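To keep things clear, I will list the structure first and then write my remarks on it.
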Amino acid sequence: MIAKVIVDVAVNQTDRVFDYLVPAEFEDAIVPGMRVNVSFGPRKVQGFVLATDDHTDYDRGKLKPLAELIDLYPPLTEELLELSKWIKDDTLSFHISVLKSMLPAAMRAKYQKKLSLKSPEILNELPLSLQQFFKDDKEIENWDEWRKQANDEDKKQMMKAVKDGVLSVTPLVMTNETKKKQMVVFTEKTSQELAQASETLTARAEKQKKLLAYFSENLATHEKIPLVQLLDRAGVSRQTVQEMVKKGLLIKAEQVVDRDPYEGRTFEQSQPLTLMDEQQQALDPILSSLLEERHETFLLRGVTGSGKTEIYLQAIDYALKKGKEAIVLVPEISLTPQMVTRFKGRFGSRVAVLHSALSKGEKYDEWLKIREGKVDVAVGARSAIFAPFENLGIVIIDEEHETSYKQEEVPRYHARQVAIKRGQFYNCPVILGSATPSLESYARAQKGVYHLLTMEKRVNDVQMPQVSLVDMREELRNGNRSMFSNQLLSAIQDRKDKQEQTVLFLNRRGYSTFIMCRDCGYVAECPHCDISLTYHRSNQSLQCHYCGHIETIPSICPECSSDSIRFFGTGTQKVEEEILKIFPEIRVIRMDVDTTRRKGSHEKLLQQFGEGKGDILLGTQMIAKGLDFPNITLVGVLAADSMLHLPDFRSSERTFQLLTQVSGRAGRHEKTGEVLVQTYTPDHYSIMDVKSHDYLSFFDKEMNIRKQGGYPPYYFLVIIHVSDEQLDRVVSVTEKITGFLKNHLSTETMIYGPVASAIPRIKDRYRYQCMIKYKVEPKLTETLQEVIKTYQGEMARTGLAITIDTNPYMML
DNA sequence: AGCACGCCGACT
DNA sequence: GTCGGCGTGCTC
């Protein structure tokens, strides 16, 4: 038997199957989708079995046998293997990169080199300084790691010893998919036997008697108790337990436990809510698609607070009743406790949550529950789209317009496309939900490619919040130079008086604190990147967000020696300070990367706010979504247009989506909500349409602009990034690529470039790009592959880097 | 990617 | 005469 294997060597030349002989002992066990260890050239690597058959085009006599099977059970299903082929073609990634990204991080191979003494008796052949590392059978577990922290002399000696054959290097392939283990204690004796044993103990053995008594009173024979728990409950020490183990009365053992990240938390069981007419009308077509086992993509556009989640829940419930499984994708930042609680509350322990805040091990455990069929709902961020279900009944993508569904590293897949592929395979519906659908999706729904479902009303006929625009130019003219308009200040005061809550939203994107000289206009910039340095208050430094360069804050301008050098821009910390200056008695809960870094702090802050322990919730992106507190009646947006002018054709769309999203936080229940949007461009359509809650109007205007500019959804995009330390090479390579594309692609396709990227230099590397806009281009993949092939040698030898992004989201 | 093979310069 | 530089090519 022959196995077709994709090896874990991510380069162009090895991006194809390699044939291996399957040793007779593995023939019955081997299944496509399993990981295997194979020798590949002179080394050992991991690989994935794509298929097994009896055929090979290679010289049979030269085939190597595969070394070992890693899995008892294939982590990837046949369907996921097929899917991986489509993704690698679509995104021009290496097959191995796609396969690896389908698995939880804990299962991805780690390669290390172990350094050990050839034989123990030659220890004294080593230089004296190195002997400490190898005496008493010691070894260096991770040679690459060791080299990073060792001094040069030791390193040199060590390498010489390897060369002289005193030390040997053993390559290891490993993973860390270990399940959590805990020590448990149990007894094989009956309680009578324990009581008898207790009497034979001396009078001084008080603790031992106590321990035995605890066992005979509380635990049945063979019943296991975790060691930590036992110590706590019986009130004895480890030594006492150890003593009893020695005497053969108790037995200690290691046991694998299921790590449940939500252990110990109870979720109140929720029942399906009665749907409003509009909701029912949206749900019905989904249910019939489920009933008829027909693939269909639905675009559910429902205004904020229209009850989309309830529709998801009921659709899933229906799928589960048919014995099928469900995947729910939620944007990373909105994987809030509130969302998890709703799913856990309805489906209880049938839900696995793949949360970015979980540890590698916890994620692996959740993944395993899916693979082993212990759960039938997976809720998670982007990568949860690869949940290894085998009888998928429905896929839901909440906040479908979110850009985080596009992976920005290789493989650059979009979860929406992957979801539809899986839906087609399983003949099941895919639901894309959003209050502000992406232009791509809504255009498809209009064309009838997706089935459009609309909900214009909020649940219980709650009114949409009143949105007012505050013209900050006007404020400036009236002498208000602060970041708060008078209107916003009095509204905050008003809520404080009424004991209602306020959400203040600061959009940090394209808006950071930088340092500038007021006399000569000097701006502190990174010496390695073409970008200004950001002021970090916590350690009083200037940092580059792209390369991590840190420097101290100059007290005088390095250019003109003036001392009027100062900070510009606004951060959440600054806003908090300013608020407290104006309203010293107001309680502000600030949520940003700094205050939510610690695990669980996100949740904690929201809980505090929910309990009314704060008057104002101040934050960035992360507060825009999903929060639902009845007492929020005011939402203030400090700088609505801060990202409107980013060099990205989606900036208007993002502005509209984000503002609509934050506005939706206000007045979701009995109390009506008010939204104040501060802006310097109040007549921009993306801001005006937020005021009138008019998605369709925004859609039409934006579509027009996309049509004129030749952007999606009218055209498809591909961006080719080229970077290198030498500017002339970047330019010439990009030029050649552009020319090549012009010669090989159809005449209707537009090719732009070479142009410098929006940030022309990062980490001392120059960056150029070339953009392709096309409608139909059957030769695209082939042509792009040709480009990669042409430069693969140069990329391997030198620092030249070329990356291709099909359907890019990051234009920078 | 790694690693071996292989063909030209400065050294015991 | 040999050690070692890194260009080239292969890995079932």
Side-chain angles (χ1 to χ4, degrees), chain A residues 1-27 30 32-70 81 85 88 92-101 108-115 142-148 155-165 167-175 409-411 723-725 729 785 788-804:
Chain A
M1 203 205 283
I2 285 151
K4 313 283 175 188
V5 175
I6 298 285
V7 292
D8 188 4
V9 182
V11 290
N12 231 286
Q13 289 153 302
T14 57
D15 189 28
R16 57 185 178 88
V17 291
F18 284 84
D19 292 352
Y20 283 87
L21 283 172
V22 180
E25 46 172 330
F26 297 150
E27 282 199 3
I30 196 165
M34 279 182 176
R35 294 168 301 161
V36 289
N37 280 335
V38 294
S39 70
F40 189 64
R43 62 209 158 118
K44 279 251 191 310
V45 294
Q46 201 173 94
F48 286 81
V49 178
L50 276 198
T52 55
D53 56 32
D54 296 316
H55 224 81
T56 182
D57 295 332
Y58 198 68
D59 184 349
R60 281 191 104 88
K62 286 189 189 164
L63 287 184
K64 284 187 189 173
L66 48 87
E68 54 188 338
L69 301 184
I70 299 173
L81 289 178
K85 292 178 193 166
K88 83 158 180 80
L92 294 139
S93 310
F94 302 126
H95 203 166
I96 188 66
S97 314
V98 180
L99 293 167
K100 282 168 90 175
S101 69
R108 292 174 206 159
K110 271 198 319 201
Y111 297 92
Q112 3 181 299
K113 292 186 198 112
K114 188 178 77 174
L115 207 58
N142 191 338
W143 170 223
D144 290 313
E145 278 303 309
W146 187 89
R147 262 190 297 194
K148 273 185 210 156
K155 252 193 284 190
K156 232 166 104 188
Q157 300 270 17
M158 205 66 98
M159 278 150 88
K160 189 172 176 300
V162 172
K163 208 175 135 258
D164 296 345
L167 296 175
S168 61
V169 179
T170 325
L172 293 174
V173 189
M174 39 206 279
T175 49
E409 297 103 57
V410 215
S723 74
D724 191 84
E725 284 181 12
R729 178 144 81 166
Q785 252 149 14
I788 297 177
K789 222 168 115 195
T790 313
Y791 289 97
Q792 61 177 354
E794 211 172 333
M795 283 161 71
R797 271 197 311 281
T798 69
L800 179 73
I802 300 173
T803 59
I804 299 182

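Just so we're on the same page: letters track the sequence lines, and every chain starts at 1. Nothing here was measured: the structure is a model prediction, and the numbers come from that model.
- With respect to A/K4 and A/D53, a salt bridge is recorded, a charged nitrogen being found less than 4.0 Å from a carboxylate O.
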Taking only N/O atoms, report every protein-nucleotides 4-6 of chain B pair under 3.5 Å with atom names and distance.
none

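- Distance CG (A/L66) to P (C/dT11): 18 Å, rounded to an integer number of Å.
- Between A/Q792 atom CD and C/dT8 atom C1' there is a gap of 13 Å when expressed in whole angstrom units.
- Within the 4.0 Å cut-off from OP1 or OP2 of B/dG2, not a single side-chain nitrogen or oxygen of A/Y111 is found.
- Under the 6.0 Å distance and 45° angle rule, A/R16 counts as a cation-pi partner of A/F18.
- Applying the 6.0 Å contact sphere to NZ of A/K789 captures no more than 12 heavy atoms from other residues, nucleotides or ligands.
- When each of A/V22, A/N37, A/I30, A/V49 is paired with A/L69, the side-chain contact (heavy atoms from CB on, under 4.5 Å) condition holds for A/I30 and for no other.
- When the shell of 6.0 Å around CD of A/E794 is examined, it contains more than 12 heavy atoms from other residues, nucleotides or ligands.
- A heavy-atom distance below 4.5 Å is found between the side chains of A/V9 and A/R43.
- Non-hydrogen atoms lying under 4.0 Å from DNA chain C are contributed by A/T14, A/R16, A/F18, A/D19, A/Y20, all within residues 14-22 of chain A.
- If you take CG of A/N37 and P of C/dC12, they are 14 Å apart, rounded to a whole angstrom.
- For the pair A/I96 CD1 and B/dG2 P, the computed distance is 14 Å after rounding to whole Å.
- Counting to the nearest Å, the P atom of C/dT8 and the CD atom of A/Q13 are 13 Å from each other.
- A/F40 places none of its side-chain heavy atoms less than 4.5 Å from the side chain of A/K64.
- Contact check, A/K62 against C/dC12: no side-chain N or O comes under 4.0 Å of OP1 or OP2.
- Nucleotide C/dT8 holds its C1' atom 9 Å from the CZ atom of A/R797, rounded to whole Å.
- With rounding to whole Å, A/D57 atom CG is found 16 Å from C/dC12 atom P.
- Between A/Q46 atom CD and C/dT11 atom P there is a gap of 22 Å when expressed in whole angstrom units.
- For A/K85, the side-chain hydrogen bond (donor to acceptor under 3.5 Å, both in side chains) partners at least two apart in sequence or on another chain are A/E82.
- Here the side chains of A/V38 and A/V45 are in contact, with some heavy-atom distance below 4.5 Å.
- Contacts of A/T56 with the nucleic acid, taken as non-hydrogen atoms under 4.0 Å apart, are absent.
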